Amino acid sequence: MISVASSRREQASRVLQQHGALMVLALLVIVGSLAFDSFATAGNAASVVVSSSFLAIIAIGMTFVIISGGIDLSVGSLFVLGGVLAAYGSQYGLLMALALPLGACGVVGLLQGLVIARTGMAPFIVTLAGLLGVRGLMLAISQEGATTYLVKNPAFASLGQGELLGLTYPVYITAALALVAMVLLQRTGFGQNVYAIGGNEQAAALMGVPVARTKVTVYVMSALLAGLAGALNAARLSSGVTILGIGLELDAIAAVVIGGTLLTGGAGGITGTVAGVLLLGVIQSLINQVGNLTSAFQQVVSGAFLALVVVAQRLLSKAQRLS
Amino acid sequence: MRRTDLEAVLEAKGISKRFPGVLALDGVHLALLPGEVHALVGENGAGKSTLIKVFTGVYHPDGGELRHLGAPAAFGTPLDAQRAGISTIYQEVNLVPMMSVARNLLLGREPRGRFGVIDATRMYAEAARILSGYGVETDVRRPLRTLGIGAQQMVALARAVAVDARVVIMDEPTSSLEPREVETLFGVIRRLRDEGIAVMYVSHRLDELYQVCDRVTVLRDGRVAHTGPLAGLDRLKLISLMLGRDLNEVKAGGLTRFSRDRHRAADGQPPAVEARGLTRRHVLDGIDVSVRPGEVVGLGGLLGAGRTETAKAIVGAMPLDGGQVLVAGLPLRGGSTTAAIRAGISLLPEDRKAEGIVPTLSVRENIALAALPSLARAGVVSDAKIDRMVEIFMRRLRIKAASPNQLVSELSGGNQQKVLLARWLAVRPKVLLLDEPTRGIDVGAKAEVQALIDELAAEGLGVLLISSDLEELVEGADRILVLREGAVVGELTGDQVTEERIMATIAEQSDDMVTIAERSDD
Amino acid sequence: AKSEEPQSAPAATSTAGQQVVQSPSGSAGPTCTLDQFGGKKFDLKTATVGFSQSEKEANPFRIAETKSIKDEAAKLGIANLKVTNAQSQFSKQITDVQQLIAQGVQLLVIAPLNSDGWEPVLQQAAAKKVPIITVDRKINAKACSDYLTFIGSDFHEQGKRAADRMIDALSGKGKVAILLGAPGNNVTTERTNGFKERITEKAPGIQISFEQTGEFAREKGQQVTEQLIQSNPDINGIYAENDEMALGAVTALKGAGKEAGTIKIVSVDGTRSAVQGIADGWLHSVIESNPRFGPLAFETAQKFLDGQSIPDKVIISDRDYDTSNAKDSLGEAY
Amino acid sequence: MTELTSKPAFRTDLKPRIFAWVQDYGVYAAVLALLLFNVLFTPHFLDASNFRTQFVQVTPIVIVSLGMALVIGTQGIDLSVGSVMALAAALVALYLGYGALPALIVAVIGGAVVGAAGGALVAYVGVQPIVATLALLVGVRGIANVLVPQLVEFRNPDLIALGSSSVTGIPVIVLIAAALTLIVLFVVRRTTFGRQVVAIGGNRSASELSGLPVKRVLLIVYVISGLLAALAGVLATARLQASDPTSLGLFIELSAITAVVVGGTPLTGGRIRVLSTVMGALLMQLLAATLIKHNLPQSWTQMVQAVIILAAVYATRERANR
Ligand SMILES: Nc1ncnc2c1ncn2[C@@H]1O[C@H](COP(=O)(O)OP(=O)(O)OP(=O)(O)O)[C@@H](O)[C@H]1O
Ligand SMILES: Nc1ncnc2c1ncn2[C@@H]1O[C@H](COP(=O)(O)OP(=O)(O)OP(=O)(O)O)[C@@H](O)[C@H]1O
Ligand SMILES: [Mg+2]
Ligand SMILES: [Mg+2]
């Protein structure tokens, strides 16, 4: 007979690793509040939360992709495409303002997913091509980026600008999406399939997981969420700005990984990702609080922070395995 | 009991399957009847796993027809096959290591609560209930990878059987199971048979076949060499069918693998390697082992007794809390595998797929891997030297490959194992630690490997042999250390080396359960 | 470390290259006063002032711009100046400004990365009645209500003036290539449109046979030009939408063994290296885009706080550099 | 071997062999196709000066890709290469006062140090390569910009000569890239180190148990990548005749990864194809040149690149056994 139970300590350190980002976040907030008077104000907190919400939406989609063992580099381009199409579509009403970007981004996600699932090409390369192609598409429909479509539809604009209790609607939308994503990931067969193919694709296939369908779904979701984030952002900015989203995919990946999701797939979660996004936002806010760092120093500090956070994460998880 | 006039549940009619350079299956006919246990046997690379993968929709046949319940069937994916009631345990444990035990066990049929959402509480309870039926008591929330490989195999088994299956296919299910677990498994198989389910059973352990199987199909080089009832079939006849050799020839060779006489390990000689007080929390508890030149030392014990850990600790592949390893009387520095190999100790790991082969490299590169430093001058490798060495080992171990340049991942399991053995012999070790060296190896190859162990010991090599096959252990080892809960609980020498004594030593003072966890909850 | 000795160029004097307002204030267009805007008067010296820079301080323009704002603030004794840098990410700039507002700044000077998309910032600033002065690029919104005023150059006009120079250089005939700025950038769009409009309007003999982006960077300008002169050897002029790309083009021409001046290069910005390039004969002319916004920005703010009326846009007059003035103006170039 | 003879003889199928050929030599075919297109439709394409231009422009990417191929072979990835180029440019500007050679040496050491930092994070701390090098991507460019905040022109004749002179008509930097390619090819094919790199990428725990110095090899691989990136940075700087830490090497990591993957080296590691990587880089260079020469707008350029990358990788992908 084999009998192996988990010790309480083991469970505790597992929790520790999963919520490492959350704890670093709490630490930073405390330090920031002590160091700067204007840091722990409602206004500043709101600005961090509001501006993080768009990255969070993208990162939620990215979490699914990464847990499934893939990666999606096209989200930055999809974000800007979504914004431009939403602004363009808003001329024809609220419905078009949402349907157009979601439709287009969904199709891109579907294509990427199909190529990845059916040909076995590396997601990195397929979505890298997506990054290029989608940005090209965006440039084509905005006359090489020269045309900025403006959002004239008040209903759509309010989707991005309307406020409730000092926070704009996108924050609530993000929160709702995060909750849905959590349930999806932890409590549905689809979520289990995502973990399974990320953990061991071959085994998952042998266990009867519909690998191709799950992969396609994951990339469609990621693209839809990126498009939605773009559309909401366009509503917030009242225009389809064309110079957005460069390097956004790296931010999203960084947030997901800081949140404790393994890039190799098979493990991770939404809470960590949300914490990771907020962590990036808070770091930026702290840099702004200092108020006089040159741009170059800001980069050094961000890079150092990122390194610090991942090393801390890593050591925490090592400690877990040793105990 | 068995009724041959029954309609086949699953039938292969002239199935062929080609891989680049190999015709793995060549017009195979096989009918699986309800309520029978059908043995599928054959040498390594005969095509057993390939046939199973064709049955389960992993591979698509190049020729022939698959019939399911009398109608032509084409399974596009394993999922299709599963839906048709065909459930499988594969040769290599194929589960998701990072997911929890419960989620692995119930993936795809988790109990649902409100809104169709998974009910976690019920899932864990159900998983625990199912597993305890297979003698596995564990926290089903922990990741599967933290379980020993045998326990993982039991989870895979439980998973396969728990579905509403009409056909259950098992590809070497016992290769990582303990005798007691094998009994549990046989109980399950007999129950399935009585329920009218067709069971296909692949194993290289002939004893097992005679214990549970009704009929047998022998594959040789991708073709069916024989099909018929097992009961009347003589053991030697079966072997001669598998090997494709004359019955008399096999008779002459006999079934003996190891030479009966003990090695003459010079008793006066100092140990080639000596481990003192190997300790690691929850795993190893002050283990002392020594191996003298020309001696084969066996490590016995139940699953999870710490045999693999002991071996890994000796080669420095596992961090220790205490203890040291001495080679020729001098302590091994650094605790790294590199140092151990340089000092002449090598380990053939237990988990071939995860720790053995490098799947992207050829047979040739895999064999040469560990010996590279000695095959190079100033960091530049000599291809001529490698070729010569690879050729020798491929011939000596009879490695079946299209060419030395074939990818090792394309070989059958047994041949992969031989490649690994070649890798370790190539570094000319003084002491060889073999962790389940004959797992998944056919009778022919097994005899070869065992003969090889003998031969090496005779040449003065020290061997530490870990095997769950008690017969192998008894026949091969001069001296056996029995481990339990990470500690040596007995040493058997000379005439004490018998299966009964091993079992007795394991059982002594031992309660029903080996609870590592209870120790860790101090 | 020991770097090369700097090239000997006359050091810029403190007032050299000062911005000059094109249209005398209040002479034309709508104006704005404190009352109209609805804000409250405060003392600039003790106030918290925010400056949001759009791009890294890595090219001469941005360096000079940030430095000018900081220097002027120091000169005026404004102790509490908060500077943020959006590192060319528009979303970050929006957040930056929002956080500046949250930190309680009373006056905002913004160098916008983009003209559109300022809605959330403007709303927030309006709610707190924080006056915004945008420098170098415009914001597409209502002056004196959404924001206070704009100080900067007219990029469209710069394009037109560059076209005039090109027409001059080629005597109205020939083939011209454009090295475009970063795609999607307002500056790129306006400098391109201005140039093309003027060419079609005044010199139908000039054909624009090639336009590729050099992304405002020297290396990219060099690479594109190398491809260009190889496949279009008959090109007569190159219009580079900033100096860096023009200088990259010069390196490419040198590498291809061309003589100085055989291909006429006109560019926009007025960095010191470009003006030196004119003196060396490689560039034909450079249209200035003056980044020294500090004095004018704070002067405008002070006027506004004093209750005077200020114009809704302050267009500065940019000079041109060509062979006639390049050597003498080196000290004024940035 | 001997057993082979007892196997039933197999038909020689043509189709799989064509597949295998395309998989191995797809990049070469794609380069040829693109050359053919250009010869037919691009004016002045066959001029010697054109080939010179293309080769010169592709050198930094080739050099960076060589290091990237090694890193990818270990199942890693190095996103920091562009920033290392920038750092090298900054260091060259700072130390050029001592002469071209000392400046070059300092720059290359700087690259090695960054590589060592990344390698240490990956090998010893166990951080995932993509995140470790992402942190370096951000931080190292920051450092480069702190050291040299803006573009600096230089006049050092040695350095300018390095960037613009030729030997028997072939630009020096192209010769350097060719030499480096041969060295890396030799290392991968013929040295113990090369085999170890590939084995580690193929199965890390197997390599550990086989006594390979896994951590050290990983560290060295990242150091090499840093070295090569720094060298590429110096050469690009020499060619530009100015040190530009701000924009030098931006996004080159993506080009390099593309070159490696288009060349048929899988991102899953365990395999390195050096010459095909160079071909991959050439393919991307030729493609960019073609699009520029035909004056396509940016939107089209990016979409066409996307399609070509997909097509090339599709051709060279590992086929599933079905
Ligand atoms: N994916 C593959 N690619 C190429 N050849 C393969 C592949 N899978 C199996 N083969 C070849 O097909 C033949 C049959 O292999 P198979 O795995 O079915 O043998 P087996 O009877 O299960 O052997 P074992 O007892 O060692 O598991 C072998 O020669 C093997 O090398
Ligand atoms: N982190 C851990 N905490 C507690 N127990 C563990 C941990 N990791 C592994 N174990 C247990 O330690 C035991 C040792 O496993 P292992 O399989 O190596 O032993 P073994 O004697 O070599 O058995 P066999 O070779 O037959 O599988 C296993 O039962 C495993 O479940
Ligand atoms: Mg098999
Ligand atoms: Mg074991």
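A, B, ... follow the sequence lines: proteins, then strands. Residue 1 opens every chain. Every value quoted in this text rests on a predicted model; they were computed, and no experiment measured them.
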C:Q223 side, atom CD; D:L240 side, atom CG - distance, nearest 0.5 Å
9.0 Å

Given that the side chain runs from C-beta out, which part of C:L180 has a heavy atom under 4.5 Å from chain D: side chain, backbone, both or neither?
neither

Could you grab the distance from atom CD of C:E55 to atom OG1 of D:T246, nearest 0.5 Å is fine?
11.0 Å

Name the residue from D:R52, D:K293, D:R239 that meets the salt bridge (Lys or Arg N to Asp or Glu O under 4.0 Å) definition with C:E226.
D:R239

Relative to chain D, which of C:A256, C:G248, C:A177, C:P233 shows the most heavy atom pairs under 4.5 Å?
C:P233

Under 3.5 Å donor-acceptor, C:Q230 side chain and D:H44 backbone
yes

What's the verdict on side chain to side chain contact (heavy atoms under 4.5 Å, CB included) for C:K56 and D:Q150, showing C-alpha distance, side-chain angles and the deciding distance?
CA-CA 10 Å; C:K56 282 188 253 180; D:Q150 68 179 108; over 6 Å; no

Short N-O contact, D:E153 and C:R218, less than 4.0 angstrom:
yes

Which region of C:I63, side chain (C-beta onward) or backbone (N, CA, C, O), has a non-hydrogen atom less than 4.5 Å from a non-hydrogen atom of chain D, or is it both or neither?
side chain

Spell out, as yes or no, whether a donor-acceptor pair under 3.5 Å connects the side chain of C:Q212 to the backbone of D:L296.
yes

So which residue, C:E244, C:K254, C:Q222, ends up with the most heavy-atom pairs under 4.5 Å with chain D?
C:Q222

What are the two closest heavy atoms between C:E219 and D:G249, and how far apart are they?
OE1-N, 4.5 Å

Determine whether a donor-acceptor pair (N or O, by modelled atom type, separation under 3.5 Å) exists between the side chain of D:N295 and the backbone of C:E211.
yes

How about residues 85-95 of chain D versus chain C: which residues have heavy atoms under 4.5 Å apart?
D:A93, D:L94, D:Y95

To the nearest 0.5 Å, tell me how far C:Q227 CD sits from D:T42 OG1.
10.0 Å

Would you please test D:N145 and C:E57 for side chain to side chain contact (heavy atoms under 4.5 Å, CB included) and show each step?
CA-CA 9 Å; D:N145 289 340; C:E57 283 95 9; over 6 Å; no

Gap separating the CG atom of D:L151 from the OG atom of C:S273, nearest 0.5 angstrom:
7.0 Å

